[in-house]
Amino acid sequence: ATGVTIAGGSLFFNLSGNVVLESATTTSGTAYSDPAYCTAIKSDTDVVITGGHVVITHTGTAGKGISADGSLTITGGTIRADLQGASADGLSSDTLVSINGGSFDIKASGDQTKGLKSKAAMNLGGGTFTFTLSGNVVLEASTTSTGTACYDPSYCSGIKCDGDLTVSGGSFTITHT
């Protein structure tokens, strides 16, 4: 089932707010912190965009433009985002990102910002992409598989993919200052 579908129209978002850590408990009783992000368009499943005009302005830590817990599929439309704040993501998915058309102008300023992000695979087959980023790398405390303490760098990235990245078309301009 598709969570959010945008096929036309004009949508304008002007947001401000920081990520909030909410206390939660797993079904087995383990306590953890569940982040709640200030997001323009959010789906707990999929986001499909075939047309339309989306403009997002966001200030605040860890803001997100368009975010899907499922897949993010875009075949057309225009998306402009201006994100100001550390750890911001322009377009993100927890699973597959598939883009075969559209125009994207993503500006992100702040440490660890990402223009387009997938926690799994990404297929880019078309579209015009402009990512303008500014910010610094952040060293996050981590542990190796053998238990040794280390630091994992998190960079500002135009495109960040944790799985397989396939580019078969499109035009890309990525600038970092």
Side-chain angles (χ1 to χ4, degrees), residues 13-22 24 32-43 47 54-72 74 79-99 102-125 127-177:
F13 299 89
N14 190 0
L15 308 165
S16 64
N18 296 321
V19 64
V20 175
L21 295 177
E22 299 174 343
Y32 68 98
S33 294
D34 186 21
Y37 300 97
C38 186
T39 307
I41 298 172
K42 167 73 170 110
S43 175
V47 173
V54 179
V55 177
I56 301 164
T57 302
H58 189 290
T59 59
T61 302
K64 298 187 183 303
I66 299 173
S67 177
D69 287 352
S71 65
L72 174 62
I74 303 173
I79 299 171
R80 286 186 10 219
D82 185 356
L83 309 166
Q84 298 175 21
S87 302
D89 296 332
L91 307 170
S92 64
S93 168
D94 287 351
T95 63
L96 175 68
V97 170
S98 178
I99 300 177
S103 176
F104 308 89
D105 183 8
I106 310 294
K107 294 178 175 79
S109 61
D111 297 345
Q112 300 176 286
T113 55
K114 311 290 187 266
L116 178 59
K117 177 182 171 182
S118 173
K119 291 184 180 177
M122 188 181 300
N123 298 319
L124 303 176
T128 303
F129 301 84
T130 302
F131 299 111
T132 306
L133 309 163
S134 63
N136 297 306
V137 64
V138 173
L139 296 175
E140 297 178 338
S142 186
T143 307
T144 66
S145 59
T146 61
T148 303
C150 64
Y151 289 96
D152 187 15
S154 181
Y155 301 92
C156 291
S157 304
I159 299 171
K160 166 102 169 58
C161 181
D162 292 346
D164 293 334
L165 171 62
T166 302
V167 179
S168 59
S171 171
F172 301 87
T173 303
I174 301 171
T175 306
H176 182 269
T177 57

Q: Ala68 and Val47: which non-hydrogen atoms are nearest, and at how many Å?
A: CB-CG2, 3.8 Å
Q: Could you check whether any side-chain heavy atom of Gln84 comes within less than 4.5 Å of a side-chain heavy atom of Ser16, counting everything from C-beta outward?
A: no
Q: Rounded to the nearest 0.5 Å, how far apart are CG of Asp164 and CE of Met122?
A: 11.5 Å
Q: Nearest 0.5 Å, please: how far is CD1 in Ile99 from CZ in Phe104?
A: 4.5 Å
Q: Backbone N or O of Thr148 within a donor-acceptor pair of the Thr144 side chain at under 3.5 Å?
A: yes
Q: Minimum heavy-atom separation for Val137 to Pro153, with atom names?
A: CG2-CB, 3.8 Å
Q: Closest heavy-atom contact between Gly65 and Thr39?
A: O-CG2, 3.9 Å
Q: Any idea which heavy atoms bring Ser168 and Gly125 closest together, and the distance?
A: OG-CA, 3.4 Å
Q: Would you name the heavy atoms of Leu133 and Ser157 that are closest together and state the gap between them?
A: CD1-C, 3.2 Å
Q: Do Lys119 and Asp94 meet the salt-bridge criterion of a basic N to acidic O distance under 4.0 Å?
A: yes
Q: I need the minimum non-hydrogen distance between Cys38 and Gly17, along with the two atoms involved.
A: CB-O, 3.9 Å
Q: Kindly write out the residues that satisfy side-chain contact (heavy atoms from CB on, under 4.5 Å) with Ala40, not counting sequence neighbours, or none if the list is empty.
A: Phe13, Leu15, Ile56
Q: Could you please spell out the steps behind the side chain to side chain contact (heavy atoms under 4.5 Å, CB included) verdict for Ile174 and Ile159?
A: CA-CA 9 Å; Ile174 301 171; Ile159 299 171; 4.3 Å; yes
Q: Quick one: which residue pairs count as a salt bridge (Lys or Arg N to Asp or Glu O under 4.0 Å) with a foot in residues 128-144, not counting sequence neighbours?
A: none
Q: Give a yes or no answer on whether the side chain of Asn18 reaches the backbone of Gly60 with a donor-acceptor pair at less than 3.5 Å.
A: no
Q: Is a donor on one side and an acceptor on the other found under 3.5 Å between the side chain of His58 and the backbone of Gly85?
A: no
Q: Would Ile41 and Val54 satisfy side chain to side chain contact (heavy atoms under 4.5 Å, CB included), going step by step from the backbone distance to the final call?
A: CA-CA 10 Å; Ile41 298 172; Val54 179; 4.2 Å; yes
Q: Not counting sequence neighbours, list each pair that qualifies as a salt bridge (Lys or Arg N to Asp or Glu O under 4.0 Å) and has a residue in residues 84-93.
A: Lys64-Asp89, Asp89-Lys117
Q: Please check: side-chain N/O of Ser93 versus main-chain N/O of Gly70, any donor-acceptor pairing under 3.5 Å?
A: yes
Q: If the condition is side-chain hydrogen bond (donor to acceptor under 3.5 Å, both in side chains), which residues does Asn123 pass it with, not counting sequence neighbours?
A: none
Q: Just to verify, what does Ser87 make a side-chain hydrogen bond (donor to acceptor under 3.5 Å, both in side chains) with, not counting sequence neighbours?
A: Gln112
Q: Apply side chain to side chain contact (heavy atoms under 4.5 Å, CB included) to residues Thr130 and Thr175 and explain how you reach the verdict.
A: CA-CA 8 Å; Thr130 302; Thr175 306; over 6 Å; no
Q: Would you please name every residue forming a side-chain hydrogen bond (donor to acceptor under 3.5 Å, both in side chains) with Asp162, sequence neighbours left out?
A: Lys160
Q: Using 0.5 Å steps for rounding, measure from the CG atom of Leu139 to the SG atom of Cys150.
A: 10.0 Å
Q: Please examine the side chains of Ile74 and Val97, heavy atoms only from C-beta on, and report whether any two atoms are closer than 4.5 Å.
A: no
Q: Hey, what do you get for CD1 (Ile79) to CG (Leu116), rounding to the nearest 0.5 Å?
A: 9.5 Å
Q: First locate atom CG of Leu91, then atom CZ of Phe131, and finally report the distance between them rounded to the nearest 0.5 Å.
A: 6.5 Å
Q: Apply side chain to side chain contact (heavy atoms under 4.5 Å, CB included) to residues Lys42 and Asp69 and explain how you reach the verdict.
A: CA-CA 8 Å; Lys42 167 73 170 110; Asp69 287 352; 2.6 Å; yes
Q: Crowded around Tyr151 OH? As in, over 12 foreign heavy atoms under 6.0 Å?
A: no
Q: Supply the atom-to-atom distance Ile66 CD1 to Ser92 OG, rounded to the nearest 0.5 angstrom.
A: 9.0 Å
